[in-house]
Amino acid sequence: MDLFEQRIKELREIINRHNYNYYVLNAPTVSDQEFDALLRELQDLERDYPQYHDPLSPTQRVGSDITKGFTQVRHERPMMSLSNSYNIDEVQDFLRRAQDGLGGEASEIVGEMKYDGTSISVTYEHGRLVRAVTRGDGVQGDDVTANVITIKTVPLEIVGMNDLPDKFEVRGEILLPWQSFEKLNEERQFNEEPLFANPRNAAAGTLKLQNSAEVARRGLDAIFYFLLGDNLPFETHYDSIMALKRWGFKTGEMSILPSIDAVKDFIGYWDVERKKLPVATDGLVFKINSLRQQLNLGATAKSPRWAIAYKFAPERECTKLQFVSFEVGRTGVITPVANLDPVLLSGTVVKRASLHNADIIEQLDIHEGDMLYVEKGGEIIPKIVGVDVKRRQPGSHPIAFVTHCPSCGAPLQRIEGEAAWVCPNKWGCGPQICGRIEHFVGRHAMDIDGIGEEVAVILNKNGLVNDVADLYDLTQEQLVALDRFQERSAQRILRGIDASRKVPYARVIFALSIPFVGETTGKVLARHTRDIDTLMGLPAEQLAAIPEIGPKIAQSIVDFFADERNRAIVERLRAAGLQMSLTEEETAGQTDKLMGKKVVISGVFAKHSREEYKAMIEQNGGKNVSSISSATSFILAGENMGPAKLEKARKLGIDIINEDQFLEMISGNGE
């Protein structure tokens with residue numbers, strides 16, 4: 001082994017150990033700068049000496065943007081689901097049945113947390129990760145190894161353990177921590193994308209992405225709760241989990257429970273303490289501890305007889321309303337927000353909850369200082385669901401909706417036919433101006449790195465950016481003169497601004513903040529207008545005739561470009577070099593062969609990735625939709641299409657075509 005290979009191996013071991021200390025133990029032993037220096041050294045050595053490449057190197061955790069479709073892998077041992085219980089009596093019934101099944105033999109119980117994520121099976125051989133497979137239908141699942149190796153809490157290689165089996169399987173839960181979940185939904189809300197309903201859905205969706213670099217960015221976590229293998233040297237489940245912890249796996253909270261009273265205490269304790277955990281949970285699991293007794297008890301067709309899940313009741317808390325604030329969005333809509341006494345709910349401290357509009361306040365009959373019921377179980381954001389009227393203070397007044405903008409003081413206007421009140425002062429109202437700047441620089445719009453909500457406010461308050469076109473006049477000298485701006489951050493912003501000149505025309509339309517024009521609508525408009533001058537010149541009737549547009553969006557577009565200030569901004573952006581038309585490459589492959597078609601993609605494909613097929617559908621005038629309905633035109637189906645989708649498609653009489661038929665369809669030879 002030469003010196004370079006030795007140093008590469010040494011660095012991998014050091015970095016893996018630091019990753020374990022940071023992500024599993026939450027006890028880092030080096031600074032971020034020291035860790036980054038080690039990682040950079042390893043990256044440089046691996047680049048200079050590619051003969052020492054290792055797919056499990058810690059440098060590979062960043063993922064790739066060219067992940068292909070998933071293949072199906074059969075589980076060596078079926079992944080079963082657990083039977084559920086909802087009260088202590090049902091848990092006692094389970095324990096009685098287990099004892100009967102063991103012929104009256106005494107058994108020890110282990111209690112552990114039930115984490116609310118997506119199940120995973122990871123196989124190791126000679127200490128190295130070789131495969132990660134989703135639960136699927138319990139018999140077979142998707143091979144998601146490329147995505148799982150990006151998760152920092154999943155060991156890539158286990159070294160220095162004398163009791164490590166040559167081959168073993170470990171099962172656990174892939175999770176999206178509350179903090180990462182809320183950050184992801186904030187991004188999606190900002191980019192006008194559908195929000196994830198809960199961390200479980202977000203984790204499942206992330207794990208199935210075709211882009212492992214995006215998986216790495218989202219910050220998934222993993223907790224393991226089950227070890228399987230041939231001739232394992234353990235007599236109890238508890239000992240096997242302690243071994244996993246010793247080998248470097250992140251494991252959950254668990255306890256040995258010697259009596260039914262201990263089980264009750266365990267339930268009572270975690271019904272409260274689980275709310276402080278950084279990840280979502282939906283109950284507890286009780287297992288027979290002895291592995292021999294587990295084998296003797298066996299399983300039904302669906303569930304093991306030696307384990308049962310205990311589900312907690314949905315979370316709901318009552319807390320005091322401090323006051324209602326009224327906040328201004330980038331389109332001028334005023335949103336009332338309940339500011340609350342802090343309350344712990346579903347793993348996070350809730351201090352604020354949207355009241356949406358004036359009608360909701362009136363329907364709930366909210367008064368000053370009321371005690372409000374808040375729910376978050378399964379919800380995207382905290383939700384006010386009721387008022388404890390019995391605890392209302394005598395003489396308290398109903399909450400009155402504001403009549404003037406809380407930021408600029410302009411009289412509010414109500415949108416006809418809607419519940420929303422709007423500030424009409426779009427050019428002089430600070431939150432609207434800053435909101436449009438923040439939207440413009442967003443990842444799905446112009447993707448200008450280094451500018452977020454705080455920086456947008458700083459740039460506006462210092463008179464540097466009053467509209468989005470001003471961004472292209474910024475200089476290094478102006479930026480470094482601002483408080484908290486260094487030369488490096490200024491250069492980062494300017495590089496992002498320069499790179500945005502290459503952003504496609506469709507995203508420029510989306511970035512302009514035209515009311516009701518989201519990312520998908522921007523693509524439709526770009527396809528049908530091909531350049532900004534055509535878009536600005538079309539009357540409402542012609543715009544409304546474009547599929548997916550309609551009268552409301554059409555009138556909004558006409559009104560937007562009727563304002564000379566918006567047209568002036570467009571001209572300044574054009575002069576700054578932004579893409580104001582489709583490129584020849586974009587128009588070359590465009591057809592109308594799928595015009596008006598709504599297409600669902602399902603299954604695993606051999607010739608192209610799902611993202612590539614989505615692009616083809618849009619390129620040929622179709623629209624990608626996520627769920628099957630009577631409006632679905634057809635389903636593009638790969639291998640292993642989900643049985644539920646297949647059954648629904650058959651009931652609705654929706655055509656199912658394979659990728660060969662689809663490629664023939666868009667080539668012009670099929671129907």
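Computed from a predicted structure; not experimentally measured.
- With sequence neighbours excluded, no residue satisfies ring pair (Phe, Tyr, Trp, His ring centres under 6.0 Å) with F485.
- Within a 6.0 Å radius of NZ in K320, other residues, nucleotides and ligands contribute 12 heavy atoms or fewer.
- Looking at heavy atoms from C-beta onward, V387 lies out of side-chain contact with D365 at the 4.5 angstrom threshold.
- Classification of D563 and R565 as a salt-bridged pair holds, one side-chain N sitting under 4.0 Å from a carboxylate O.
- Within 6.0 Å of atom CD in E453, 12 or fewer heavy atoms from other residues, nucleotides or ligands are found, so the atom counts as exposed in its surroundings.
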Going through the checks in order, is the salt bridge (Lys or Arg N to Asp or Glu O under 4.0 Å) test met by R330 and E438? CA-CA 9 Å; R330 67 180 170 91; E438 190 184 356; over 6 Å; no
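- If you run side-chain contact (heavy atoms from CB on, under 4.5 Å) between V465 and each of I437, V457, I451, only I437 comes through.
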In a table with atom names and distances, give each donor-acceptor pair under 3.5 Å that connects a side chain of residues 254-268 to protein atoms at least two apart or in another chain.
from	atom 1	to	atom 2	distance (Å)
S259	OG	A262	N	3.2

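- Taking the ring axis of W427 as reference, the NZ or CZ atom of R436 stays within 45° of it and closer than 6.0 Å to the ring centre.
- Of all heavy-atom pairs between V455 and I493, the closest is CG1-CD1, 4.3 Å.
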Kindly indicate, with the supporting measurements, whether the criterion salt bridge (Lys or Arg N to Asp or Glu O under 4.0 Å) is fulfilled by E327 and R352. CA-CA 12 Å; E327 302 182 0; R352 291 157 51 86; 2.7 Å; yes
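- Of all heavy-atom pairs between N462 and I458, the closest is ND2-O, 2.8 Å.
- For the pair D467 and K426, the salt-bridge criterion is not met [side-chain N within less than 4.0 Å of a carboxylate O].
- For Y238, there are no ring pair (Phe, Tyr, Trp, His ring centres under 6.0 Å) partners, not counting sequence neighbours.
- A heavy-atom distance below 4.5 Å is not found between the side chains of V337 and L355.
- Residues passing the side-chain contact (heavy atoms from CB on, under 4.5 Å) test with S303 are S81, S83, T300, sequence neighbours excluded.
- In this structure, K287 satisfies the cation-pi test against F226, with its NZ or CZ atom closer than 6.0 Å to the six-membered ring centre and inside 45 degrees of the ring normal.
- The distance from the CE atom of M113 to the CG atom of L284 is 5.5 Å, given to the nearest 0.5 Å.
- Distance check, rounded to the nearest 0.5 Å: CD1 of I308 to CZ of R305 gives 13.0 Å.
- In this model, a donor atom of one side chain and an acceptor atom of the other lie less than 3.5 Å apart for N339 and S325.
- Sparse packing is recorded around CD of E362, with 12 or fewer heavy atoms of other residues, nucleotides or ligands lying under 6.0 Å away.
- No hydrogens or angles considered: a donor-acceptor pair under 3.5 Å links the side chains of E112 and H237.
- The two residues L207 and T118 make their nearest non-hydrogen contact at CD2-CG2, 3.9 Å.
- Q555 and D559 are linked by a side-chain donor-acceptor pair at a separation below 3.5 angstrom, with hydrogens and angles left out of the test.
- The backbone N or O of E182 sits nowhere less than 3.5 Å from a side-chain atom of N185 that would complete a donor-acceptor pair.
- For C405 against C429, the heavy-atom pair with the smallest separation is SG-SG, 3.8 Å.
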For I120 and R171, what are the C-alpha separation, side-chain angles and deciding distance, and is it a side chain to side chain contact (heavy atoms under 4.5 Å, CB included)? CA-CA 6 Å; I120 195 73; R171 292 179 179 174; over 6 Å; no
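- Annotation for A280 and W178: closest pair N-NE1, 3.6 Å, computed over non-hydrogen atoms.
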K183 vs E186, test: salt bridge (Lys or Arg N to Asp or Glu O under 4.0 Å). Steps then yes/no. CA-CA 5 Å; K183 179 182 177 184; E186 284 173 6; over 6 Å; no
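- A salt bridge between K383 and E375 is absent, with no side-chain N of the basic residue lying under 4.0 Å from a carboxylate O of the acidic one.
- Evaluation of the ring pair (Phe, Tyr, Trp, His ring centres under 6.0 Å) rule for F312 yields Y310 as partners, not counting sequence neighbours.
- With rounding to the nearest 0.5 angstrom, the CG atom of N147 is 10.0 Å from the NZ atom of K208.
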Does L184 form a side chain to side chain contact (heavy atoms under 4.5 Å, CB included) with F196? I'd like the steps, not just the answer. CA-CA 9 Å; L184 177 61; F196 285 114; 3.5 Å; yes
How far apart are the C-alpha atoms of E368 and R392, what are their side-chain angles, what is the distance that settles it, and do they pass the salt bridge (Lys or Arg N to Asp or Glu O under 4.0 Å) test? CA-CA 9 Å; E368 297 168 350; R392 177 171 288 164; over 6 Å; no
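- Side-chain contact between F440 and S513: absent, with no pair of heavy atoms (C-beta onward) separated by less than 4.5 Å.
- For E273, the CD atom counts as densely surrounded, since its 6.0 Å shell holds more than 12 non-hydrogen atoms of other residues, nucleotides or ligands.
- Look at D359 and R414 and you find a salt bridge, because one of the NZ, NE, NH1 or NH2 atoms lies within 4.0 Å of a carboxylate O, short of that distance.
- Looking at T335 and N357, their side chains never come closer than 4.5 Å, going by heavy atoms from C-beta outward.
- For the pair K275/V272, no side-chain contact is recorded, criterion being any heavy-atom separation below 4.5 Å from C-beta on.
- With respect to the salt-bridge test (charged N to carboxylate O, under 4.0 angstrom), the residues R391 and D388 qualify.
- Residue M79 comes nearest to R135 through the heavy atom pair O-NH2, 3.3 Å, listed as atom of the first residue, atom of the second, then distance.
- A heavy-atom distance below 4.5 Å is found between the side chains of L344 and K276.
- The CZ atom of F516 sits 8.0 Å away from atom OG1 of T331, with the distance rounded to the nearest 0.5 Å.
- Using a 4.5 Å heavy-atom threshold, the side chains of L175 and L220 count as separate.
- A donor-acceptor contact shorter than 3.5 Å is absent between the side chain of H404 and the backbone of A410.
- Within the 3.5 Å criterion, the main-chain N or O of A419 finds no donor-acceptor partner in the side chain of H356.
- The main-chain N or O of A631 is found under 3.5 Å from a side-chain atom of S629 such that the two form a donor-acceptor pair.
- The shortest side-chain heavy-atom distance between F326 and F401 falls under the 4.5 Å cut-off.
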Could you please spell out the steps behind the side chain to side chain contact (heavy atoms under 4.5 Å, CB included) verdict for L340 and V350? CA-CA 8 Å; L340 311 164; V350 175; 4.3 Å; yes
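- I549 contributes atom CD1, which lies 5.5 Å from atom CD1 of I557 (distance to the nearest 0.5 angstrom).
- Sorted by first and then second residue, the salt bridge (charged side-chain N to carboxylate O under 4.0 Å, His left out) pairs involving residues 83-93 (not counting sequence neighbours) are D93-R96.
- Atoms OG1 and CG, from T206 and N211 in turn, are 11.0 Å apart once rounded to the nearest 0.5 Å.
- Checking D221 against T153 by side-chain atom types alone, a donor-acceptor pair falls below 3.5 Å.
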Quick one, V343 with V349, criterion side chain to side chain contact (heavy atoms under 4.5 Å, CB included). Give me CA distance, side-chain angles, the key distance, then yes/no. CA-CA 5 Å; V343 60; V349 175; over 6 Å; no
